[in-house]
Structure formats: structure tokens, C-alpha cells
*Asks:* 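I have a structure I would like to understand better, so I am pasting it below and will then ask my questions one at a time.
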Amino acid sequence: MHTPPGNLARTRFEAEAHTYYDTKRNDALNLDLGHTDGYYHHHFAVGDFDRSILTFTGRARQQAIATELHRMETRQVDVIVDALTPLDSRARVLDAGSGRGGTALLLHHAFGCHVDGVNFSTYQNTFARLQADKHGCADTVRFHDRNMVDTGFADASFDAVVTNESTMYVDLHEAFTEFARVLKPGGRYTLTTWCRNEAIAPHSREAEAIDRHYRCHTHRRAGYLRALLDAGLIPYQVDDLTSRAIPYWELRHESELASGIETAYLTGYQSGRVNYIRITSRKAEL
Ligand code: SAM
């Protein structure tokens with residue numbers, strides 16, 4: 001296993017996730033496939049795709065699919081932007097589990113705000129810093145080699161916290177307690193994630209396949225609400241985006257870059273055993 005620096009990864013589970021992201025150099029779906037916008041994503045998408053591209057053949061078809069997948073991933077960040085709107089340009093935002101920086105950069109471009117990305121992958125942080133530099137915002141969008149459950153930031157130092165598909169790597173109580181600690185009173189936390197829908201099926205073969213594939217742990221839907229409330233984060237907007245998450249997987253299934261996990265997401269979402277959700281919470285004022 002790849003050895004993480006210091007104590008960034010504290011458990012075997014964290015060390016495996018760290019290895020997965022820190023050594024993932026050639027994830028074809030995230031390579032620069034002709035897009036030059038400098039936004040690199042390790043998350044999926046909601047919304048429909050341009051179905052006319054499926055009439056293309058050969059290379060043109062595959063190029064069009066790759067471009068469309070990237071466009072959809074970029075637009076997915078709007079789900080978080082919408083939840084945080086309005087946000088002052090002087091606001092400070094924590095992006096926990098910040099990947100290669102796409103979400104943090106798009107949040108900065110939407111609001112002009114300061115963003116601190118936290119990631120235990122030094123490789124991804126180095127990559128993300130380079131993108132911030134290319135976008136000319138390296139002084140306001142910064143990336144830190146830290147564990148998101150122990151960020152080291154001061155109490156009440158952030159106006160907002162976001163996690164874009166990264167909570168499947170943490171203990172929710174531990175992470176949400178940390179997010180509540182660093183949030184100012186009245187500050188907001190928005191998350192997007194897939195989860196198990198225990199109301200339909202306590203166990204889901206799709207979630208198990210996803211967990212094996214991404215070395216993660218797909219939490220239960222109710223587990224999110226419980227852990228938020230226990231941490232003093234009051235959910236005020238809960239959105240089930242499951243049906244809107246399906247087209248992305250249909251398109252990825254058509255891609256030469258498909259990784260084999262597409263069917264698990266598709267059948268998980270179509271059956272309702274797996275959900276895709278956004279939850280926005282506010283830290284209690286007192
Ligand atoms: N949010 C990013 C995005 O939307 O592109 C990345 C999402 S990716 C599925 C999960 C990210 O969380 C990876 O960058 C991984 O290194 C990071 N991560 C997982 N567990 C972590 C932890 N305990 N502390 C810090 N980063 C973590």
C-alpha cells in the first residue's frame with residue numbers, strides 16, 4: 001500500500017482510499033480529453049445529455065461522449081452553487097475532500113469567494129494548485145494536505161462547507177462534528193452524495209459493488225440526517241436527485257472509458273435502492 005505522509009490517513013480504510021486517489025494518475029475519464037477549461041472532476045453528474053451525439057459513430061462518437069460527460073460534471077457543481085446562493089465574495093468556503101480542484105475553482109468563479117480545499121492526497125493537491133495557478137486565483141483558492149475530519153482550521157472560521165461526493169470516505173459523525181466546529185454560527189453546509197435507501201432495501205448489491213470499486217462506504221440515507229442533527233447542523237433543504245442522476249450513467253455506459261461500475265449505479269438508481277441526494281444544513285446560531 002502507498003504510504004501517506006505523517007498521519008493524514010489514520011486507519012486501514014483511510015489508507016486504502018488514500019492509495020486509490022494518490023496513485024490514480026491515468027483515470028481515463030478524468031484525463032484532458034480535448035477540454036481545456038482546467039476543471040478536473042472526481043464526481044459524477046445530474047441532468048440530461050445531448051442525445052443527438054448517440055447518432056455519431058466511431059471516433060467522433062467517443063469524443064462527443066467524453067466532451068459531454070465533462071460538460072455534465074462541470075454543470076453538476078451548479079447544484080452546490082444554487083444551494084449556497086447568495087454568498088458574499090468575502091465569504092470563506094471549505095471544500096472537504098477536494099479532489100483535483102474542480103469544485104473549489106468553480107465555487108470561486110461563481111461567488112468570487114475564498115476557498116480552502118482539504119484533501120489527504122498530496123498528488124491531487126499538487127495538481128489542484130497548478131490549476132488554481134492557471135486560473136489566476138492561487139491566492140484565493142488554496143489546497144491543503146489534511147484529513148477532512150481533523151482540518152486544523154480555527155473554530156468558526158468558515159461561512160460555508162461543501163462536500164462533493166466525498167462523505168463516503170468518512171465516519172459521518174466525526175466529519176460533521178469537524179464541519180460544525182469550523183463553521184461560523186449560521187454558516188451553511190451543503191453535501192452531494194449517493195447513499196443507500198434503507199426504506200427500500202437495507203442491503204443493496206449495487207452499493208456493495210460501488211464500495212468495492214471505489215474503496216468507500218456508502219452510508220444510509222437516514223444516517224446523513226441523524227449525523228447532521230447530532231453535530232448541531234440543522235438540515236433545511238433535502239433534495240432527492242436520483243432520477244436526474246441516471247442519464248449520466250446511461251451515457252457513461254456508452255463510453256469507451258466506462259470502468260465497469262456503470263451498471264451498479266444505473267440499477268441502483270433505477271430500483272431506488274441507491275439514491276443521489278443534496279442536503280443543505282445550517283449551523284445553529286447558539
Ligand atoms: N470533491 C472532489 C470532486 O468533486 O471532484 C473529489 C471527490 S472524490 C470521489 C473523493 C475525494 O476525497 C478524493 O480527493 C480523496 O482523496 C478525498 N478524501 C477521502 N477521504 C478523505 C479524508 N479523510 N480527508 C481528506 N480527503 C479525503
Side-chain angles (χ1 to χ4, degrees), residues 1-2 4-25 27 29-31 37-46 69-70 72-81 83 93-108 115-129 131-132 141 143-153 160-179 182 189-195 210-211 213-219 245 248 259 261 265 276 278:
M1 201 177 299
H2 189 66
N7 60 355
L8 281 180
R10 307 158 307 161
T11 62
R12 183 172 180 81
F13 174 73
E14 287 184 356
E16 283 183 12
H18 176 272
T19 300
Y20 181 77
Y21 286 101
D22 210 54
T23 58
K24 200 175 163 89
R25 301 287 188 269
D27 177 6
L29 272 174
N30 288 289
L31 282 178
D37 60 10
Y39 297 116
Y40 291 83
H41 308 295
H42 278 281
H43 59 78
F44 308 126
V46 290
L69 287 171
H70 177 70
M72 294 168 82
E73 290 166 6
T74 298
R75 289 276 62 85
Q76 181 266 11
V77 180
D78 290 348
V79 166
I80 295 176
V81 168
V93 178
L94 174 67
D95 179 9
S98 45
R100 292 200 283 175
T103 298
L105 288 166
L106 286 163
L107 286 171
H108 168 72
V115 186
D116 287 286
V118 167
N119 189 346
F120 61 15
S121 165
T122 47
Y123 160 68
Q124 290 196 326
N125 281 334
T126 304
F127 188 95
R129 283 182 205 114
Q131 304 317 311
V141 183
F143 296 94
H144 310 267
D145 297 349
R146 298 187 192 169
N147 193 311
M148 72 168 108
V149 304
D150 181 16
T151 63
F153 291 114
V161 175
V162 305
T163 51
N164 198 358
E165 299 183 11
S166 60
T167 46
M168 62 291 298
Y169 288 105
V170 289
D171 174 278
L172 295 182
H173 281 90
E174 196 176 23
F176 295 170
T177 299
E178 176 67 357
F179 301 163
V182 300
Y189 167 45
T190 296
L191 68 87
T192 59
T193 187
W194 65 88
C195 59
I210 291 167
D211 288 352
H213 189 87
Y214 288 114
R215 279 79 151 173
C216 65
H217 178 73
T218 299
H219 298 290
Y248 174 83
S259 66
I261 199 59
Y265 281 97
Y276 190 75
R278 173 182 66 178

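Every number for a ligand or one of its atoms is a count from 1 in the order of the listing. Nothing fancy with the numbering, it's 1 onward along the sequence.
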*Asks:* Output the list of atoms in ligand 1 that are nearer than 4.0 Å to some heavy atom of His41, sorted by atom number.
*Replies:* 5 (O)
*Asks:* Given Arg10 and Glu174, is the salt bridge (Lys or Arg N to Asp or Glu O under 4.0 Å) satisfied, shown in steps?
*Replies:* CA-CA 13 Å; Arg10 307 158 307 161; Glu174 196 176 23; 2.8 Å; yes
*Asks:* Check whether any side-chain heavy atom of His43 lies under 4.5 Å from a side-chain heavy atom of Val77, and answer yes or no.
*Replies:* yes
*Asks:* Any atoms of ligand 1 less than 4.0 Å from a non-hydrogen atom of Gly99? List them with their elements.
*Replies:* 2 (C), 6 (C), 14 (O)
*Asks:* Is there a polar contact between ligand 1 and Asn147, counting only N or O atoms under 3.5 Å apart?
*Replies:* yes
*Asks:* Would you mind telling me if ligand 1 is within reach of the side chain of Glu165, the backbone, both or neither, using heavy atoms under 4.0 Å?
*Replies:* backbone
*Asks:* Below a 4.0 angstrom heavy-atom separation, can you tell me which part of Gln124, side chain or backbone, both or neither, approaches ligand 1?
*Replies:* side chain
*Asks:* Under 4.0 Å, heavy-atom basis, I'd like to know which part of Ser98 is in contact with ligand 1: side chain, backbone, both or neither.
*Replies:* backbone
*Asks:* Just which atoms of ligand 1 are under 4.0 Å from any heavy atom in Asn164?
*Replies:* 1 (N), 2 (C), 4 (O), 7 (C)
*Asks:* For ligand 1, is there an atom lying under 4.0 Å from some heavy atom of Ala17?
*Replies:* no
*Asks:* How long is the straight-line distance from CZ of Arg100 back to CG of Leu105, given to the nearest 0.5 Å?
*Replies:* 12.5 Å
*Asks:* Parallel, tilted or perpendicular: which fits the ring planes of Trp194 and Tyr214, with parallel below 30° and perpendicular above 60°?
*Replies:* tilted
*Asks:* Check contact between Arg100 and ligand 1, using heavy atoms of the residue and a distance below 4.0 angstrom.
*Replies:* no
*Asks:* So if I apply the ring-ring contact (aromatic ring centres under 6.0 Å, His included) rule between Tyr21 and each of Phe120, Tyr169, Tyr123, which one comes out positive?
*Replies:* Tyr169
*Asks:* Over 60° means perpendicular and under 30° means parallel, so classify the ring planes of His144 and Phe153, tilted if in between.
*Replies:* perpendicular
*Asks:* Report the relative orientation of the aromatic rings in His41 and Tyr39; use parallel for angles under 30°, tilted for 30 to 60°, perpendicular for over 60°.
*Replies:* parallel
*Asks:* Assess Thr103 for proximity to ligand 1: is some non-hydrogen atom of it under 4.0 Å away?
*Replies:* yes
*Asks:* Check each heavy atom of Tyr21 against ligand 1 and say whether those closer than 4.0 Å belong to the side chain, the backbone, both or neither.
*Replies:* side chain
*Asks:* With atoms numbered from 1 as shown, which atoms in ligand 1 lie under 4.0 angstrom from a non-hydrogen atom of Arg146?
*Replies:* 24 (N), 25 (C)
